[in-house]
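All remarks here apply to the structure that follows.
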Protein chains: 2
Amino acid sequence: MAAQTVKNALRQLRVLRGWTQQELGAKVGTSRQAIIAIENGRFDPSLTLAIRLSRVFEKPIEEIFFLDH
Amino acid sequence: MAAQTVKNALRQLRVLRGWTQQELGAKVGTSRQAIIAIENGRFDPSLTLAIRLSRVFEKPIEEIFFLDH
DNA sequence: GTCCGATGTAAGGCGTGCTTGACATCATGT
DNA sequence: ACATGATGTCAAGCACGCCTTACATCGGAC
């Protein structure tokens with residue numbers, strides 16, 4: 001089953017900027033489905049993708065992704 | 001090909017603190033071999049592991065892992 | 001010269017991250 | 001009624017992250 005261990009603020013940040021999932025995917029060079037899966041907690045992004053996301057949102061990784069405990 | 005796309009300052013930070021690879025692995029809950037592979041650029045850590053590493057080094061992820069371009 | 005800690009590599013295996021393509025739903029607009 | 005855009009799901013497939021076990025090397029201490 002999978003399941004993510006990291007929570008994230010992707011959807012909130014994306015909607016705030018008025019971007020669609022497809023637009024965000026294009027910005028960071030990944031697929032629309034990958035964005036959906038990450039936003040909905042089906043799995044965690046790779047470190048590479050997390051860094052790209054933090055760049056397009058102009059926020060440090062620690063303010064986008066949260067690991068419990 | 002594989003190969004990492006993210007460069008990191010793990011070895012430098014680890015040696016500065018006088019930790020062995022095994023000790024660092026234990027601190028972040030991973031194996032000695034995984035630490036070696038990451039330090040030597042055989043692959044990138046997962047986001048979860050990157051966050052754990054940033055915590056034991058008490059440094060933001062951006063100061064440990066570097067993505068080109 | 002031998003032991004041991006630290007580092008490194010290799011192989012087999014498993015779950016996950018991500019891809020492409022196809023299809024479903026719902027809201028909005030015409 | 002129909003089209004379109006945004007979101008979501010599913011499935012097959014591939015590469016990677018990480019594990020365990022095992023073995024090799026090198027340096028320092030005795």
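To find a chain, count down the sequence lines: A is the first, B the second, and so on, and within it residues start at 1.
Taken to the nearest 0.5 Å, the CD1 atom of Ile38(A) stands 12.0 Å off from the CZ atom of Arg11(A). Taking CZ from Arg17(B) and NZ from Lys27(B), the interatomic distance works out to 10.0 Å, rounded to the nearest 0.5 Å. Atoms CG and NZ, on Leu53(A) and Lys59(A) in that order, are 13.5 Å from each other to the nearest 0.5 Å. For the atom pair CD1 of Ile64(A) and CD of Gln12(A), the computed distance is 11.0 Å after rounding to the nearest 0.5 Å.
When the local axes at the two ends of the helix from dG1(C)-dC30(D) to dT30(C)-dA1(D) are compared, using 5 base pairs at each end, they differ in direction by 30° after rounding to 10°.
Look at CD on Glu39(B): it is 16 Å from C1' on dG17(D), rounded to the nearest Å. Per the geometry, CD1 belonging to Ile36(A) stands 17 Å off P belonging to dC23(C), to the nearest Å. One atom, CZ of Arg17(B), and another, C1' of dA6(C), lie 19 Å apart when rounded to the nearest Å. Atom CG in Leu24(A) sits about 19 Å away from atom P in dG5(D), given to the nearest Å. Between the CD atom of Gln22(A) and the P atom of dT4(D) there is a distance of 15 Å, rounded to whole Å.
Side-chain atoms of Glu62(B) do not come within 3.5 Å of backbone N or O of Pro60(A) as any donor-acceptor pair. Looking only at distances, a side-chain donor or acceptor of Asn8(A) sits under 3.5 Å from a matching main-chain atom of Leu10(A).
Remark: Arg14(A) is in phosphate contact with dT7(D), judged by side-chain N or O atoms under 4.0 Å from OP1 or OP2. An OP1 or OP2 oxygen of dT7(D) is reached within less than 4.0 angstrom by no side-chain nitrogen or oxygen of Asn40(A). Between Gln21(A) and dG8(D) there is a side-chain polar atom (N or O) within less than 4.0 angstrom of OP1 or OP2. The side chain of Arg11(B) contributes no N or O atom lying less than 4.0 Å from OP1 or OP2 of dA6(C).
Closest heavy-atom contact between Ile61(B) and Ala50(B): CG1-O, 4.2 Å.
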Protein-nucleotides 18-21 of chain D N/O pairs closer than 3.5 Å?
from: dC18(D); atom 1: OP1; to: Ser46(B); atom 2: N; distance (Å): 3.0
from: dC18(D); atom 1: OP1; to: Ser46(B); atom 2: OG; distance (Å): 2.6
from: dC18(D); atom 1: OP2; to: Ser46(B); atom 2: N; distance (Å): 3.4
from: dC18(D); atom 1: O3'; to: Thr30(B); atom 2: OG1; distance (Å): 3.4
from: dC19(D); atom 1: OP1; to: Thr30(B); atom 2: OG1; distance (Å): 2.9
from: dC19(D); atom 1: OP1; to: Ser31(B); atom 2: N; distance (Å): 3.2
from: dC19(D); atom 1: OP2; to: Thr30(B); atom 2: OG1; distance (Å): 2.8
from: dC19(D); atom 1: OP2; to: Ser31(B); atom 2: N; distance (Å): 3.1
from: dC19(D); atom 1: OP2; to: Ser31(B); atom 2: OG; distance (Å): 2.6
from: dT21(D); atom 1: O4; to: Gln33(B); atom 2: NE2; distance (Å): 3.0

Identify each atom pair where a protein N or O and an N or O of nucleotides 27-30 of chain D are less than 3.5 Å apart, giving names and distance.
none

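Using a 4.5 Å cut-off between side-chain heavy atoms of Ile, Leu, Val, Met, Phe, Trp and Tyr, with links allowed through other members, Phe65(A) and Ile36(A) fall into different hydrophobic clusters.
Inter-residue side-chain proximity for Leu47(A) and Ile51(A) is flagged as met; some heavy-atom pair is nearer than 4.5 Å. Side chains of Glu63(B) and Phe57(B) form no contact here, defined as non-hydrogen atoms less than 4.5 Å apart.
A salt bridge links Arg14(B) with Glu39(B); the closest basic N to acidic carboxylate O contact falls under 4.0 Å.
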